[in-house]
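Remarks on the structure that follows.
Not measured: the values here are computed from a predicted model. Just follow the structure's listing: the first ligand is 1, and inside any ligand the first atom is 1.
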Amino acid sequence: MAAPLPLPDPAADPSFAELIAQRPHLGADAFSGLMVEGVPLAAIAQAVGTPTWVYAAGALRRRARALTGALAASGLRASVHYAVKANSNLAVLRVLAAEGLGADVVSEGEARAARAAGIAAADIVFSGVGKTLPELRYALDEGIGQINLESPEEAAMLSAIAAARGVKARVALRVNPDVDAGTHAKITTGLAENKFGVAIDQAPALYAQLAALPGLSPVGIAVHIGSQITAGMAAYRAAYARVAELVRALRAAGLPVEQVDCGGGLGIPYRDEPAPSPEALAGAIKATLGPLGLPVMLEPGRWIAGPPGLLLAAVILQKQGAGRRFLVLDAAMNDLVRPAMYEAWHGILPVAAADLVAPVSPADVVGPVCETGDTFARDRAMPRLAPGALVALLDAGAYGAAMSSTYNLRPLAAEVLVDGDRFAVVRPRQSLSALLAAERLPAWLA
Ligand code: LLP
């Protein structure tokens, strides 16, 4: 006999009305249904089809200002370098560049996207545990403002290239503070066992080596302990305190330290979990690194780009399984992989006004890909939805489109930017013909 259906716990999951109320860029009315800023999502689906990523420019601007504002209000000299990996769409980058943000990049592609959006090379930080020789050459040619080195091996590679060109690369040393950020194991980065940075107790000797190597000009220390950090400020404070101690030791040894790169990682409430504010982060930085009197840099990705984005999808069909109701969407794990990869919870809202107020019962919301992991939500309180009904998967602006693939030969979804009551396609849906035309047969099989 099948186990009784677990009922959705209304105390655990926020209601549709709460999900909307907690997101200032969302609204709904009886005429238009769910809207992003001034644009009904039904209008976007009609014009562009589904699945489609939708980004709210106003929300991006508000969040960029909230972060820079909190840092300025704390009295810190701080610059924000948006982590392009979260969402590298050119229009998103352009909105953030216009807010005065710099960029944190981990590939030549991301650096080129940031430059194309109008971000000055000097305002770009190049992070990453394995930059290739061509990428290091590109960074020098382009005049990238800071290259974060993660190993002595990488320092030697960059030193050789820079010295051969007769230039000095501005570098920071990324340290691994061995602090547990209390986040998902796949996105924690500041533990000694992780591949990132150099052990903090080896940093003084390594930093002195950097200063002695030709072609390198060490300008600071960088640290990043993980992503989706929601467990308060304790881990941040512990990491920054260790960095402050390191900077004092470097100074005492007569080594130059101009700035500290504080990384990213600030979490957001996907469900309704408590999440720290930019003010709390600014306070943690001020308390630990403030006494050094140095400018600080921040590399937030998710906090800026996550909440402003959603994935608009349509119901293909509703299927009754053995004791389970399945809503099969035309979006799948190849579009939004976070639930499959990190057991992530994303809010899911119906779009039609009538569906937003219809009676709900538990349903599994799934994609059509041939994997059980292609499940966006289990036992979610959802109305009955007819084929073609629209739904929005929330808080998908960060690590959504950026992580999507063409698995099952599904074309990459379209991307749309909403700005007030305007919207535009900022990346057209990949055509099936373009997807298939990319491949070649070897001559002997043709
Ligand atoms: N700086 C560095 C060196 C990083 O490695 C990262 C993220 C960031 C900044 C930005 O972190 P954020 O502020 O966005 O947390 N795909 C995962 C997240 C991976 C984060 C990787 N590094 C997810 O969907 O949850």
**Q.** Element-labelled atoms of ligand 1 that are located less than 4.0 Å from some non-hydrogen atom of R174
**A.** 3 (C)

(Q) Taking NZ in K186 as the centre, count heavy atoms belonging to other residues, nucleotides or ligands within less than 6.0 Å. Is the count above 12? (A) yes

Q: Give the residue and atom name of whichever protein heavy atom lies nearest to atom 19 (C) of ligand 1, and the separation in Å to one decimal.
A: I187 CG2, 3.7 Å

(Q) So E142 and R112, do their side chains get closer than 4.5 Å, heavy atoms only? (A) no

Q | Within 6.0 Å of CZ in R427, more than 12 heavy atoms from elsewhere | A | no

Q) Hey, which atoms in ligand 1 end up nearer than 4.0 Å to a heavy atom of D104? A) 1 (N), 9 (C)

(Q) Quick check on contacts: which atoms of ligand 1 are under 4.0 angstrom from a heavy atom of G301? (A) 12 (P), 13 (O), 14 (O)

(Q) Go through it in stages, so that I can follow the logic: the residues are R165 and D141, the test is salt bridge (Lys or Arg N to Asp or Glu O under 4.0 Å), and I'd like the CA-CA distance, side-chain angles, deciding distance and then a yes or no. (A) CA-CA 10 Å; R165 291 177 187 212; D141 290 344; 2.3 Å; yes

Q) Does K85 have a non-hydrogen atom less than 4.0 Å from ligand 1? A) yes

Q | Identity and separation of the nearest protein heavy atom to atom 24 (O) of ligand 1 | A | R338 NE, 2.6 Å

Q: Using a strict cut-off of 4.0 Å, indicate which atoms of ligand 1 neighbour a heavy atom of G265.
A: 11 (O), 12 (P), 13 (O), 15 (O)

**Q.** Audit row: Q228, Y270, side-chain hydrogen bond (donor to acceptor under 3.5 Å, both in side chains) steps and yes/no
**A.** CA-CA 10 Å; Q228 183 55 7; Y270 281 98; 4.8 Å; no

Q.
Under 4.0 Å, counting heavy atoms only: does M403 come that close to any atom of ligand 1?
A. yes

Q) Does a side-chain heavy-atom distance below 4.5 Å link P278 with L71? A) no

(Q) Any non-hydrogen side-chain atom of M233 less than 4.5 Å from a side-chain atom of L281? (A) yes

Q: May I ask which of H224, R302, H184, M341 has a heavy atom nearer to atom 11 (O) of ligand 1 than the others do?
A: H224

**Q.** Shortest reach to atom 20 (C) of ligand 1 by a heavy atom, considering only Y399, Y342, W303
**A.** Y399

Q) Against heavy atoms of P300, which atoms of ligand 1 measure under 4.0 Å? A) 13 (O)

Q: Run the salt-bridge test on K131 and E154 with the 4.0 Å N-O cut-off and return the result as yes or no.
A: yes

Q. Under the side-chain hydrogen bond (donor to acceptor under 3.5 Å, both in side chains) criterion, do Q146 and N148 qualify, and how do the steps go?
A. CA-CA 6 Å; Q146 177 176 306; N148 289 354; 2.7 Å; yes

Q: Tell me which protein heavy atom sits closest to atom 15 (O) of ligand 1, plus the residue, atom name and distance to 0.1 Å.
A: S227 OG, 2.4 Å

Q. Does some side-chain heavy atom of R410 sit less than 4.5 Å from a side-chain heavy atom of V369?
A. yes

Q | Contact check, A86 vs ligand 1, heavy-atom distance below 4.0 Å | A | no

Q) Just which atoms of ligand 1 are under 4.0 Å from any heavy atom in G264? A) 9 (C), 13 (O)

**Q.** E299: numbered ligand 1 atoms lying under 4.0 Å from its heavy atoms
**A.** 1 (N), 2 (C), 3 (C), 8 (C), 9 (C), 10 (C), 13 (O)

